[in-house]
Amino acid sequence: MKSANQEIRPVTTKINSKGNIEIGGCDLVELAEKYSTPLYVFDEQTIRSMTQSYKSAFKAYPKMRMMYAAKAFMTKAICKIMQEEGFGLDLCSGGEIFTAKTSGFDMSKTLFNGNNKSPEEINMAIEYGIGTISVDNFFELALLNNAAQSYNKQIRILLRITPGIECHTHEYIQTGHLDSKFGFDLTQVDEAIDLIKNEYNNLNIVGLHAHIGSQIFERRVYFDEVDVIFKEIKRIKDRHNILLKEINLGGGLGIKYTDSDKPISVDEIAQTIIESIKTHSTKYGIEEPVVFIEPGRSLVGTSGVTLYTAGSSKQVPKGRKYQAVDGGMADNARPSLYQAKYTVDIANKPNENKDKKVTISGRFCESGDILAKDILLPEIEEGDIICFYDTGAYGYSMASNYNRVLKPAAVLVNNGKSDIIINRQTYEDLCGLDVIPDRLS
Ligand SMILES: *Cc1c(COP(=O)(O)O)cnc(C)c1O
């Protein structure tokens with residue numbers, strides 16, 4: 001079955017009787033008026049359609065556990081939705097741990113992950129009752145064991161390994177290849193386990209963790225990833241007499257940003273993973289483990305759109321037409337960071353022909369602040385509401401205050417209702433952390 005990550009637009013997208021685009025029963029032009037722009041709009045039904053797709057696709061494997069990689073987009077409201085949907089959370093900073101905890105999230109269903117967790121963050125994770133910690137390197141093993149000792153606690157850990165699998169995605173979002181900053185090389189696993197067995201008595205190793213990359217369109221890499229992990233579990237069992245009963249395969253399922261993207265469905269990735277688990281547990285004689293996946297982008301990416309208002313424009317003589325909008329690289333870093341491409345509509349002109357070539361530029365003081373290069377749209381006029389699709393993941397979460405421009409608001413829409421889930425920053429918020437030393441005042 002098709003899943004929402006294979007659609008460019010949120011599942012509730014329609015053209016309404018006013019001739020405007022609506023999402024979640026809310027007219028985008030009205031949302032722009034009510035909340036001002038730039039505005040992040042998240043469609044609750046699209047998020048829930050993805051969580052449901054994951055749950056039903058993996059039904060055939062009862063020992064499956066789902067987590068949401070919160071770095072894709074995290075707010076307390078999203079934590080609530082994930083909790084309701086029965087998902088855990090994959091967290092990668094003190095800020096994410098704090099957000100989860102203060103949203104009331106069941107911390108036993110969280111995993112703390114990252115290649116340079118600070119001592120303060122590790123202490124916080126322990127104090128807040130983190131479920132499991134994915135240990136990335138030798139330095140962290142020692143740090144974590146010390147912290148666990150001082151709290152007199154046993155900590156459940158996974159070892160993050162680098163499986164040596166290359167997937168065809170942007171270099172910056174590959175993580176599973178051998179020369180990666182993340183995780184233990186497979187040749188270092190024995191030493192890590194010896195240390196845990198002999199010295200680090202407060203660490204309780206329960207499994208292995210890997211994550212091969214992001215925006216992945218291939219099934220084969222997941223099959224191979226499971227193979228590498230099972231082979232390692234078998235090796236660890238034979239050599240150390242320890243049977244690891246949990247594996248975490250990471251996230252990575254791709255979404256459709258433009259017509260040329262052909263992501264696989266949640267059903268397809270689930271079939272591949274389950275088939276590989278069955279194949280390799282038989283092949284290596286290993287009892288079927290508890291298997292975690294932790295998608296980020298595919299759970300929220302398609303649900304989110306960004307609305308901008310068209311402002312100034314510039315026709316370069318014999319060159320490009322630039323149309324500026326009231327946001328840009330500070331609310332969406334992906335085009336300047338990864339040359340990411342998006343599909344764009346004019347929310348108040350959905351029926352007009354897309355026959356004018358235009359480059360949508362941001363308002364920030366960088367020539368690289370281009371949101372979409374040489375795309376086709378109807379003629380844009382000042383005040384038009386420009387809608388960028390698929391900005392739900394790694395959009396707001398990478399937002400900055402570059403040029404001291406305020407971070408946008410985010411609203412959640414459903415059945416004709418819109419609710420703020422992140423307020424727009426205010427100038428007071430912006431200067432709230434500034435301090436003028438006495439000698440300058
Ligand atoms: C970022 C990340 C994910 C989520 O990746 P997506 O491509 O957004 O699904 C999952 N696991 C780990 C360890 C990550 O770092």
Side-chain angles (χ1 to χ4, degrees), residues 3-6 47 50-51 53-54 57-58 65-74 78 82 87-93 95-97 109-117 130-137 140 157-163 165 167-177 180-184 207-219 221-222 225 229 246-257 261 263-266 269-270 273 291-304 333-334 337-338 340 390-398:
S3 43
N5 66 307
Q6 297 177 297
I47 300 174
M50 283 305 295
T51 53
S53 290
Y54 273 105
F58 282 103
R65 306 284 181 271
M66 252 75 78
M67 306 228 247
Y68 167 55
K71 71 177 187 285
F73 176 59
M74 192 186 203
I78 296 291
M82 292 302 163
F87 277 58
L89 292 178
D90 168 29
L91 307 170
C92 63
S93 71
E96 290 188 357
I97 293 170
K109 289 173 80 176
T110 61
L111 174 73
F112 185 24
N113 160 62
N115 72 311
N116 192 24
K117 307 172 185 81
I130 202 99
T132 308
I133 297 185
S134 173
V135 179
D136 199 90
N137 51 62
E140 189 184 313
I157 65 164
L158 304 175
L159 284 190
R160 169 90 180 252
I161 58 165
T162 312
I165 291 168
C167 52
H168 299 109
T169 186
H170 194 285
E171 174 192 1
Y172 290 4
I173 51 178
Q174 274 188 10
T175 49
H177 55 302
S180 160
K181 75 167 186 173
F182 294 105
F184 290 92
L208 299 179
H209 180 202
H211 170 64
I212 46 185
S214 200
Q215 188 59 357
I216 295 172
F217 288 179
E218 306 154 88
R219 303 175 69 155
V221 289
Y222 288 100
E225 184 192 14
I229 294 177
E246 297 183 20
I247 71 178
N248 183 321
L249 302 173
L253 178 63
I255 69 168
K256 188 176 177 79
Y257 288 97
D261 290 335
I264 54 176
S265 68
V266 175
I269 188 182
I273 287 174
V291 179
F292 289 81
I293 50 161
E294 42 185 18
R297 185 191 311 269
S298 56
L299 283 174
V300 295
T302 316
S303 76
R334 295 185 67 257
L337 195 57
Y338 318 125
D390 302 293
T391 59
Y394 306 109
Y396 190 94
S397 66
M398 289 187 178

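All values derive from a computational prediction rather than experimental measurement. Just follow the structure's listing: the first ligand is 1, and inside any ligand the first atom is 1.
- Near Glu294, meaning under 4.0 Å from one of its heavy atoms, ligand 1 places the atoms 3 (C), 4 (C), 10 (C), 11 (N), 12 (C), 13 (C).
- The ligand atoms of ligand 1 that sit less than 4.0 angstrom from a heavy atom of Gly251 are 9 (O), 10 (C), 11 (N).
- Not a single heavy atom of Phe182 lies less than 4.0 angstrom from ligand 1.
- Using a 4.0 Å cut-off between heavy atoms, Asp90 contacts ligand 1 through its side chain alone, with no backbone atom that close.
- At a heavy-atom cutoff of 4.0 Å, ligand 1 is contacted by both the backbone and the side chain of Arg297.
- Checked by distance only, ligand 1 and Ser214 come closer than 3.5 Å through their nitrogen or oxygen atoms.
- Taking any N or O of Leu253, backbone or side chain, none lies under 3.5 Å from an N or O belonging to ligand 1.
- Of the heavy atoms in Ala72, none comes closer than 4.0 Å to ligand 1.
- Against a heavy-atom cut-off of under 4.0 Å, Pro295 is close to the following atoms of ligand 1: 9 (O).
- Within the 4.5 Å cutoff, the side chain of Ile47 has heavy atoms near those of the Ile78 side chain.
- Using a 4.0 Å cut-off between charged side-chain N and carboxylate O, Glu96 and Lys71 make no salt bridge.
- Listed by atom number, the atoms of ligand 1 under 4.0 Å from Tyr394 heavy atoms are 1 (C), 4 (C), 5 (O), 6 (P), 8 (O).
- Counting heavy atoms from C-beta on, the side chains of Gln215 and Tyr394 never come closer than 4.5 Å.
- Considering backbone and side-chain N/O atoms, Lys71 comes within less than 3.5 Å of an N/O atom of ligand 1.
- Ligand 1 lies within reach of Gly252, whose nearest heavy atom is under 4.0 Å from it.
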